[in-house]
J.: 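Before anything else, here's the structure in question.
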Amino acid sequence: MTKIAHYINGEMVEPVSHRYLDNLDPATGEAYSLVPDGDERDVERAVEAAEKAFPAWSRTPAAQRSAVLLRIADLIEANLERLARAECVDTGKPLRLARSLDIPRAASNFRFFATAILHFHSESHATDHRAINYTLRRPRGIAGLISPWNLPLYLLTWKIAPALATGNTAVAKPSEITPMTAFLLSEICREASLPPGVLNIVHGQGANVGAAITRHPKIGTISFTGGTKTGAEIARSAAPLFKKVALELGGKNPNIIFADARLEEVLPTSLRSSFDNQGQICLSGSRIFVEESAYEGFVERFVSEASRLKVGDPLEPDTDQGALISRAQFDKVMQYISLAREEGGTIRCGGVPADAVSVGERCKGGFFVQPTVITDLKVESRVNREEIFGPVVTITPFKDEEEVVAYANGTDYGLAASLWTENLPRAHRLAERIASGTIWINCWMLRDLRVPFGGMKSSGVGREGGEEALRFFTEPKNVCIQFPPDAPKG
Ligand code: NDP
């Protein structure tokens with residue numbers, strides 16, 4: 001059984017405690033590797049290494065930092081198949097998805113920020129005829145980077161790449177239930193000759209390793225992606241230490257379909273936004289709203305397509321939907337399906353675990369749930385307001401723009417929304433009024449790494465992506481130079 005190691009000071013090391021946790025394959029429900037059950041002593045070693053590495057790395061010319069990060073991107077691409085398989089086994093997601101989305105995006109994250117840093121600029125302000133101000137942007141020091149299990153390498157590298165590109169050093173923690181690709185990334189960083197201590201990866205549970213990172217006085221910057229409840233805990237522990245914190249949290253995203261939308265485009269994309277990665281994407285469009293005149297027709301076709309999705313062994317090439325991440329997530333999803341029944345919902349398809357025949361003998365102990373479509377729920381029901389994070393969507397009809405804006409904004413979340421219409425003025429009007437960090441018009445998850453990414457309300461604080469990330473990981477310092485008194489007044 002593979003024994004995962006921490007990556008500290010350029011070395012693969014055992015946890016101080018010598019304790020390990022079982023790492024399960026969610027498709028079989030069985031342990032297949034061991035992950036360090038790290039604690040604050042491991043975090044302390046990682047902080048020491050990051051602190052030692054900071055002076056040299058922060059002064060390394062941008063072009064040299066860029067070259068190392070580009071080598072990491074190349075090595076991720078060269079190891080695409082190995083990494084995709086590891087992500088598939090660790091998360092239960094279809095191998096096809098890991099190959100086409102997770103791992104290519106991890107390489108893009110490094111490539112994007114490795115080159116962005118070469119073009120990063122800072123401001124200067126001429127103050128009348130008296131002075132010139134210029135702004136220095138310096139790396140902030142040691143960054144704490146904490147990521148969740150749904151898109152493990154994709155989200156972890158989305159933080160590591162900008163932190164390192166801007167000259168910070170880092171202590172990173174992947175979710176302890178999906179540590180494998182972070183472990184493989186450690187090996188890649190060694191092969192790419194990333195200097196020791198620049199990146200340290202400490203494995204273990206949130207309450208131990210995560211909490212030790214967020215409260216460590218030498219870690220002044222925290223970038224966190226995960227659940228809203230955990231985000232609140234992190235904000236509580238970081239605030240008294242005046243840390244700079246970015247929180248990317250949960251979502252309950254509306255997918256709004258007007259009757260004039262082109263159904264042949266809406267249908268396949270809505271299936272993806274509902275069920276890709278088993279619905280475990282913060283951006284999943286889990287609340288579908290359809291204009292009344294198109295409602296019945298849409299429900300019929302959507303349910304028929306959803307019922308045809310193949311739930312099965314994630315390693316098989318024709319699998320559309322793999323396993324949920326864990327027994328706990330499986331139980332949570334099934335409880336929400338029961339709640340939907342109690343709240344008066346009609347289960348139009350799914351609502352049950354996948355049967356053993358469809359998933360096959362190898363996967364009979366795995367955590368599979370059929371794609372589930374629910375109608376007839378009140379907009380204010382719990383199922384329509386709370387994040388489920390599974391292959392479950394609700395469909396609700398709406399009368400007009402006014403009503404659907406109220407529906408869309410009727411949750412505590414505000415991460416992303418999709419809007420389908422051929423009426424451009426209407427699209428602009430709604431984009432303006434819907435409270436979420438991203439609005440996709442006639443698309444979903446069309447990503448450009450330059451744009452600001454993040455949520456409003458309980459979906460988070462701060463933005464990632466492009467210049468937002470470069471600014472987040474740097475400290476602006478303004479320098480004001482007064483012109484000499486005898487300078488010409490112009
Ligand atoms: P969690 O909040 O449970 O965990 C996220 C990370 O935080 C994990 O590494 C976890 O460790 C760690 N952690 C847990 N407790 C603490 C703590 N007290 N202090 C510091 N770190 C801690 O989220 P999930 O892993 O369950 O991920 C699912 C959630 O992530 C969903 O709500 C989803 O919407 C959100 N998400 C948001 C995205 C966005 O961009 N807005 C993108 C993707 C997901 P461990 O796993 O070891 O407990």
Side-chain angles (χ1 to χ4, degrees), residues 4 21 23-24 35-40 42-43 90-91 93 101-102 105 109 144-159 171-179 182 201-216 219 222-238 243 245-253 276-286 324-326 328-330 332-333 386-390 411-416 436-438 445 447 452-465 468-469:
I4 287 171
L21 302 162
N23 182 27
L24 304 194
V35 56
D37 187 8
D39 60 33
E40 59 189 356
D42 303 298
V43 171
D90 220 20
T91 61
K93 70 176 67 199
L101 176 76
D102 295 73
R105 173 59 190 274
N109 289 340
L145 314 173
I146 303 176
S147 60
W149 45 257
N150 61 330
L151 299 163
L153 193 64
Y154 171 137
L155 289 173
L156 189 64
T157 55
W158 182 230
K159 299 182 184 306
V171 178
K173 186 198 108 55
S175 171
E176 106 270 0
I177 46 183
T178 54
I201 300 179
V202 182
H203 297 274
Q205 303 180 69
N208 303 331
V209 173
I213 289 174
T214 53
R215 66 167 180 258
H216 199 292
I219 300 181
I222 303 285
S223 176
F224 168 80
T225 298
T228 295
K229 219 168 129 242
T230 317
E233 243 177 272
I234 288 176
R236 258 195 304 278
S237 82
K243 298 190 179 204
V245 178
L247 303 171
E248 299 293 338
L249 310 175
K252 186 76 179 175
N253 310 300
D276 263 11
N277 209 39
Q278 299 71 245
Q280 303 167 129
I281 302 183
C282 53
L283 305 166
S284 295
S286 52
L324 298 188
I325 192 68
S326 61
Q329 194 64 15
F330 172 91
K332 178 180 166 201
V333 169
E386 298 175 11
E387 186 183 47
I388 301 174
F389 222 56
T411 69
D412 293 338
Y413 296 104
L415 189 58
S436 54
T438 297
M445 209 145 156
R447 294 282 290 116
F453 178 84
M456 296 182 181
K457 305 196 285 185
S458 298
S459 289
V461 179
R463 293 291 181 272
E464 297 188 301
E468 300 279 347

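Whatever order the structure lists ligands and atoms in, that order sets their numbers, starting from 1.
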J.: Do Pro152 and Asp90 have side chains that approach each other closer than 4.5 Å (heavy atoms only, starting at C-beta)?
T.: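 No, side chains not in contact.
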J.: Which residue supplies the protein heavy atom nearest to atom 46 (O) of ligand 1, what is that atom called, and how far is it?
T.: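 The protein heavy atom lying closest is Ser175 OG, 2.8 Å.
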J.: Select the closest option to atom 30 (O) of ligand 1 among Ala172, Gly226, Gly231, judged by heavy-atom distance.
T.: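 Residue with the shortest heavy-atom distance to the ligand atom: Gly226.
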J.: Is there a donor-acceptor pair under 3.5 Å between the side chain of Thr214 and the backbone N or O of Ser237?
T.: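 Checked: no pair found.
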J.: Are Ala211 and ligand 1 in contact, using a heavy-atom cut-off of under 4.0 Å?
T.: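 Heavy atoms of Ala211 do come under 4.0 Å of ligand 1.
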J.: Starting from atom 11 (O) of ligand 1, what is the nearest protein heavy atom, named by residue and atom, and what distance separates them?
T.: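 Going by distance alone, atom 11 (O) of ligand 1 is nearest to Lys173 NZ, 2.9 Å.
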J.: Where is the nearest protein heavy atom to atom 21 (N) of ligand 1: which residue, which atom, and how far?
T.: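 The protein heavy atom lying closest is Gly210 CA, 3.5 Å.
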J.: Is there a polar contact, in the sense of an N or O pair closer than 3.5 Å, between Asn150 and ligand 1?
T.: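 It does not: no N or O of Asn150 is found under 3.5 Å from an N or O of ligand 1.
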J.: Between the main-chain N or O of Leu151 and the side-chain N or O of Asn277, is there a donor-acceptor pair closer than 3.5 Å?
T.: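 Here the side-chain-to-backbone pair does not exist.
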J.: Should you measure from each heavy atom of Cys282, which atoms of ligand 1 turn up under 4.0 Å away?
T.: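 Checking each atom against Cys282, I get 34 (O), 36 (N), 37 (C), 38 (C), 39 (C), 40 (O), 41 (N), 42 (C), 43 (C), 44 (C).
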J.: On a heavy-atom basis, I'd like to know which of Ile146, Thr214, Thr230 is closest to atom 3 (O) of ligand 1.
T.: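 Among Ile146, Thr214, Thr230, the closest heavy atom to atom 3 (O) of ligand 1 comes from Thr230.
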J.: Quick one: look up the protein heavy atom nearest atom 13 (N) of ligand 1 and list residue, atom name and how far away it is.
T.: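 Going atom by atom, the protein heavy atom closest to atom 13 (N) of ligand 1 ends up being Gly206 CA, 3.4 Å.
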J.: Should we say atom NZ of Lys332 is surrounded by more than 12 heavy atoms from elsewhere, each under 6.0 Å from it?
T.: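 Yes, the 6.0 Å shell around NZ holds more than 12 heavy atoms from other groups.
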J.: Do Asn109 and Thr157 have side-chain atoms, one donor and one acceptor, less than 3.5 Å apart?
T.: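 Yes, Thr157 and Asn109 have a side-chain donor paired with an acceptor closer than 3.5 Å.
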J.: Where the side chain of Gln329 meets the backbone of Phe389, is there a donor-acceptor pair that is under 3.5 Å apart?
T.: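 Looks like yes, one N/O pair under 3.5 Å.
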J.: Show the atoms of ligand 1 that are less than 4.0 angstrom away from any heavy atom in Phe224.
T.: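 Reading through ligand 1 atom by atom, the close ones are 2 (O), 5 (C), 6 (C), 7 (O).
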J.: Test your reading of the structure: does Leu155 have an N or O sitting under 3.5 Å from an N or O of ligand 1?
T.: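 Such a contact does not occur with ligand 1.
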J.: Do Lys159 and Ser147 meet the criterion of a side-chain donor-acceptor pair at a distance under 3.5 Å?
T.: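 Checked: Lys159/Ser147 side chains show no N/O donor-acceptor pair below 3.5 Å.
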J.: Could you check whether any side-chain heavy atom of Val333 comes within less than 4.5 Å of a side-chain heavy atom of Gln278, counting everything from C-beta outward?
T.: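 They are not in side-chain contact.
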J.: Heavy atoms only: which of Gly227, Pro152, Ala212 is nearest to atom 29 (C) of ligand 1?
T.: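 The option holding the nearest heavy atom is Gly227.
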J.: N/O of Thr225 under 3.5 Å from N/O of ligand 1, yes or no?
T.: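 For ligand 1, there is no N or O atom that lies under 3.5 Å from one belonging to Thr225.
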J.: Hey, is the main chain of Ser286 close enough, under 3.5 Å, to the side chain of Ser284 for a donor-acceptor pair?
T.: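 Flag not set: sc Ser284 to bb Ser286 has no pair under 3.5 Å.
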J.: Which atoms of ligand 1 sit under 4.0 Å from any heavy atom of Leu415?
T.: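 Once the distances to Leu415 are compared, the set is 41 (N).
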J.: Which ligand 1 atoms, with their elements, are less than 4.0 angstrom from a heavy-atom of Glu233?
T.: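 So the atoms of ligand 1 that pass are 18 (N).
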J.: Give a yes or no on whether the backbone of Ala416 and the side-chain of Thr438 come within a donor-acceptor separation of less than 3.5 Å.
T.: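 Between the backbone of Ala416 and the side chain of Thr438 there is no qualifying donor-acceptor contact (under 3.5 Å).
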J.: May I ask you to test the Leu155-Pro148 pair for a side-chain heavy-atom distance under 4.5 Å?
T.: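 They are in contact (side-chain heavy atoms under 4.5 Å apart), so the answer is yes.
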J.: Please identify which of these residues, Ile213, Leu249, Val461, meets the side chain to side chain contact (heavy atoms under 4.5 Å, CB included) condition with Phe224.
T.: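 So, applying the side chain to side chain contact (heavy atoms under 4.5 Å, CB included) to Phe224 and each of Ile213, Leu249, Val461, only Leu249 qualifies.
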J.: Number the atoms of ligand 1 from 1 as they appear, then name those within less than 4.0 Å of a heavy atom of Phe453, with their elements.
T.: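 Those of ligand 1 that fall under 4.0 Å from Phe453 are 40 (O).
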J.: Quick test: of every protein heavy atom, which one is nearest to atom 28 (C) of ligand 1, and how far off is it to 0.1 Å?
T.: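 Here the nearest protein heavy atom works out to Phe389 CE2, 3.7 Å.
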J.: Using a cut-off of 6.0 Å, state whether more than 12 heavy atoms not belonging to Glu40 lie near its atom CD.
T.: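 Counting other residues, nucleotides and ligands, CD of Glu40 stays at 12 neighbours or fewer.
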J.: For ligand 1 and Thr228, I'd like to know whether there is a polar contact (N/O to N/O, distance under 3.5 Å).
T.: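 In this structure, Thr228 places no N or O atom under 3.5 Å from an N or O of ligand 1.
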J.: For ligand 1, indicate whether the residue Ile234 contacts it via side chain, backbone, both or neither (heavy-atom separation under 4.0 Å).
T.: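 The side chain, only.
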J.: At the 4.0 Å heavy-atom cut-off, does Ser147 count as touching ligand 1?
T.: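 Contact present.
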J.: Using modelled atom types and a 3.5 Å cut-off, is there a donor and acceptor pairing between side-chain atoms of Glu387 and backbone atoms of Gly251?
T.: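 It does hold such a pair.
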J.: Going by the order shown, which atoms of ligand 1 are within less than 4.0 Å of some heavy atom of Gln205?
T.: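 In order of numbering, the contacting atoms are 47 (O).
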J.: Any atoms of ligand 1 less than 4.0 Å from a non-hydrogen atom of Gly204? List them with their elements.
T.: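 In order of number, 47 (O).
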J.: Any side-chain to backbone donor/acceptor pair from Arg463 onto Gly455? Under 3.5 Å, distance only.
T.: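 Yes; judged by distance alone, with no hydrogens or angles, the pair exists.
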J.: Which of the numbered atoms in ligand 1 are under 4.0 angstrom from any heavy atom belonging to Glu176?
T.: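 Every atom of ligand 1 under 4.0 Å from some heavy atom of Glu176: 45 (P), 46 (O), 47 (O), 48 (O).
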J.: Only heavy atoms count here, so choose which of Leu249, Ile325, Asn208 is nearest to atom 41 (N) of ligand 1.
T.: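 Residue with the shortest heavy-atom distance to the ligand atom: Leu249.
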J.: Starting from atom 27 (O) of ligand 1, find the nearest protein heavy-atom neighbour and note its residue, name and distance.
T.: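 Of the protein heavy atoms, Pro148 CB, 3.2 Å lies nearest.
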J.: Considering only protein heavy atoms, which is closest to atom 32 (O) of ligand 1, and at what distance to one decimal place?
T.: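 For atom 32 (O) of ligand 1, the nearest protein heavy atom comes out as Glu387 OE1, 2.6 Å.
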J.: Sub-3.5 Å donor-acceptor pair from the side chain of Lys252 to the main-chain atoms of Asp412, do we have one?
T.: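 No, the answer is negative, given that no donor and acceptor are paired below the 3.5 Å cut-off.
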J.: What protein heavy atom lies closest to atom 26 (O) of ligand 1? Include the residue and the distance to one decimal.
T.: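 Checking every protein heavy atom, the shortest distance to atom 26 (O) of ligand 1 gives Trp149 NE1, 2.9 Å.
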